[in-house]
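Structure first, commentary second.
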Number of protein chains: 2
Amino acid sequence: MDLMKEFHPIIDDAEDNSVVRCNMTSCEKCIGRSVSMCSALKDHEVKLLSDISMNISKRSKQVICAEGELAEYLYNVQSGCVRISKMLSDGRRQVIDFLFPGDYFGLVCNNGYNYSAETITDVNLCRMPRNAILEKIKEIPAFSKKILDITIHELLETQEQRLLLGRKSAKERLCTFLLTINARSSNGGHMKKNHIFLPMSRADIADYLGLTIETVSRQFTILAKDNIISLENSPLVRIIDIEELQLIASGG
Amino acid sequence: MDLMKEFHPIIDDAEDNSVVRCNMTSCEKCIGRSVSMCSALKDHEVKLLSDISMNISKRSKQVICAEGELAEYLYNVQSGCVRISKMLSDGRRQVIDFLFPGDYFGLVCNNGYNYSAETITDVNLCRMPRNAILEKIKEIPAFSKKILDITIHELLETQEQRLLLGRKSAKERLCTFLLTINARSSNGGHMKKNHIFLPMSRADIADYLGLTIETVSRQFTILAKDNIISLENSPLVRIIDIEELQLIASGG
DNA sequence: CGTGCATTTGACCACCTTCAATAAAGGTGG
DNA sequence: CCACCTTTATTGAAGGTGGTCAAATGCACG
């Protein structure tokens with residue numbers, strides 16, 4: 001797990017979890033993000049929001065919030081990787097998404113959270129009270145529009161995923177997954193080109209793609225044997241033939 | 001197809017499609033709906049909206065809007081059943097949803113419509129210009145909140161569907177489908193209890209559930225043989241044992 | 001009554017799952 | 001630092017679910 005630390009060296013070793021009040025400095029870093037909802041706010045409004053927001057640090061494999069729990073907070077991932085999942089009553093799990101820096105969660109829920117969120121790596125989060133956000137929606141139309149845009153974007157992605165689960169083969173699913181992660185997790189820019197950092201387990205990927213661990217593993221092996229990817233340095237995957245990957249992903 | 005007419009006797013036989021300006025009377029009927037976005041509007045605002053909205057009637061099996069097409073309008077289904085679907089590049093189709101009275105479509109899209117909408121039965125629609133709606137979002141916060149609620153609801157349903165496609169067996173999928181339609185399509189109240197009206201084809205259901213026509217048909221037969229449902233009068237399905245149906249749907 | 005389309009049913013096969021064994025990686029304590 | 005144990009990943013063999021292909025049946029409509 002050396003690579004884990006290498007790519008997520010954010011958290012002070014002194015303590016497992018920390019909660020500190022946000023300051024404008026941390027928010028200003030955050031504002032830079034293109035899809036950030038804060039971009040719809042004036043400086044003094046950001047100040048108001050930052051005053052009631054917290055910077056949260058969590059170690060890997062910890063629960064951030066649980067399905068059904070009263071939804072008090074909205075979160076923004078600042079560093080690391082978070083897993084969002086739902087459970088069927090019989091214990092089967094569906095991983096809804098893997099979140100990377102810039103992604104939100106906790107916005108879309110009916111009273112309680114409708115999914116659980118757990119850290120996969122060490123993670124830094126911005127935690128905002130949902131009440132305050134919902135107030136802002138009523139007050140600031142531009143902010144409201146931004147929230148709607150984020151939700152719409154999430155909806156479009158979920159629809160794509162539905163198509164994947166409904167119609168694609170195991171191989172197509174894995175290729176699509178690799179391309180998606182490649183596009184989304186640039187990991188703050190310090191990833192070598194064509195290298196994908198996969199901090200999640202095979203079980204996580206399987207539950208995301210609607211497959212079993214074994215099938216995922218086999219498909220990885222096949223892709224490596226066909227010289228489309230390389231699995232040499234473990235949590236990293238190197239894409240050798242991205243055109244082929246795209247071809248398979250789109251059903252060719 | 002007599003039953004089709006019986007349950008959707010709305011359209012004047014004189015013409016295939018009609019387009020007439022909305023009036024307050026038709027809007028007032030519409031306002032009654034609990035999730036209607038118009039409920040967030042004042043009377044005079046509804047008047048403004050109704051002035052630029054149209055009541056559209058379409059016969060069955062007609063295209064309302066096509067994937068990719070410039071998204072000019074937002075629609076509300078007033079009667080009948082509409083199918084929303086997407087295409088994969090290789091021709092595979094994913095049915096996103098079946099819409100019933102009170103449901104919206106055309107709201108969530110990035111520039112062009114991101115799905116096609118076709119009529120399954122004869123249909124009455126309320127057609128509103130998207131521009132005007134997006135203006136209202138900026139002007140009226142309560143309206144904006146309503147639109148967000150509708151989008152969030154759509155997202156939650158899509159996530160449920162993902163779980164279904166990713167983790168459920170053919171039998172579980174069909175049972176879930178029957179229960180969902182049973183809950184949603186009360187068909188204006190003139191359906192006998194425990195009777196589901198299924199105007200869509202087996203192909204539609206298959207593409208909705210991520211299965212083949214044959215598998216859907218087989219599962220229908222099995223459920224009928226097990227005395228869980230009855231298929232005696234064709235587009236209608238009678239639920240005999242709803243507890244069993246729920247048990248199977250939830251993975252028992 | 002015949003035509004065309006949707007649905008049902010059957011036979012066979014492929015893909016993915018399940019079950020099981022092995023290998024590799026990580027964590028802990030001496 | 002290494003031995004031991006636990007967890008995760010890989011690989012193999014067998015089995016089942018659902019897909020594919022094909023034929024038959026049913027149903028609406030001319």
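Below, chain A is the first sequence line, B the second, and so on; all start at residue 1.
- Leu164(B) places its CG atom 12 Å from the P atom of dG18(D), with the value rounded to the nearest Å.
- Separating the NZ atom of Lys168(A) from the P atom of dG19(D) is a distance of 17 Å, rounded to the nearest angstrom.
- With hydrogens and angles disregarded, no donor-acceptor distance shorter than 3.5 Å links the side chain of Ser57(A) to the backbone of Asn124(A).
- The separation between Leu209(B) atom CG and dT17(D) atom P is 18 Å, rounded to whole Å.
- Between its opening and closing five pairs, the helix from dC1(C)-dG30(D) to dG30(C)-dC1(D) changes axis direction by 40°, a value rounded to 10 degrees.
- OP1 or OP2 of dT8(D) has not a single side-chain nitrogen or oxygen of Ser201(A) nearer than 4.0 Å.
- A side chain to side chain contact (heavy atoms under 4.5 Å, CB included) with Ile228(A) holds for exactly one of Ile248(A), Leu178(A), Ile239(A); it is Ile248(A).
- Here Arg127(A) does not pair with Glu72(A) in a salt bridge; the nearest charged N to carboxylate O distance is not below 4.0 Å.
- Partners of Thr151(A) under the side chain to side chain contact (heavy atoms under 4.5 Å, CB included) rule, at least two apart in sequence or in another chain, are Leu107(A), Val108(A), Ile147(A), Leu148(B), Thr151(B), Ile152(B), Leu155(B).
- Ion pairing between a basic and an acidic side chain is recognised when a charged N comes within 4.0 Å of a carboxylate O; Arg167(A) and Asp207(B) show such pairing.
- The 5' end of DNA chain D is approached more closely, in terms of each residue's nearest nucleotide, by Arg202(A) than by the other of Ser169(B) and Arg202(A).
- With Asp97(B) as the fixed residue, the side chain to side chain donor-acceptor pair (under 3.5 Å) test singles out one of Gln161(B), Arg184(B), Arg83(B): Arg184(B).
- Rounded to whole Å, atom C1' of dG27(C) lies 11 Å from atom NZ of Lys61(A).
- Between the side chain of Lys168(B) and the main chain of Ala249(B), a donor-acceptor pair closer than 3.5 Å is present.
- In this structure, CD of Glu172(A) is placed 9 Å from P of dC16(C), rounded to the nearest angstrom.
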* Report the C-alpha separation of Tyr104(B) and Tyr75(B) in whole Å, then their side-chain angles, then the decisive distance to 0.1 Å, and conclude whether the ring-ring contact (aromatic ring centres under 6.0 Å, His included) test is met. => CA-CA 6 Å; Tyr104(B) 290 88; Tyr75(B) 295 88; over 10 Å; no
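- To the nearest angstrom, C1' of dC15(C) lies 11 Å from CD1 of Ile222(A).
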Where do N or O atoms of nucleotides 11-14 of chain D meet protein N or O atoms at under 3.5 Å, pair by pair?
residue, atom, partner, partner atom, Å
dT11(D), OP2, Thr221(A), OG1, 2.6
dG12(D), N7, Arg218(A), NH1, 2.9
dG12(D), O6, Arg218(A), NH2, 3.3

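- Here the P atom of nucleotide dC16(C) and the CZ atom of Arg167(B) are 13 Å apart, to the nearest Å.
- Rounding to whole angstrom units, CZ of residue Phe220(A) and C1' of dT8(D) are separated by 14 Å.
- Salt-bridge formation is detected for the pair Asp204(B)/Arg93(B): a Lys NZ or Arg NE/NH1/NH2 atom is positioned less than 4.0 Å from an Asp or Glu carboxylate oxygen.
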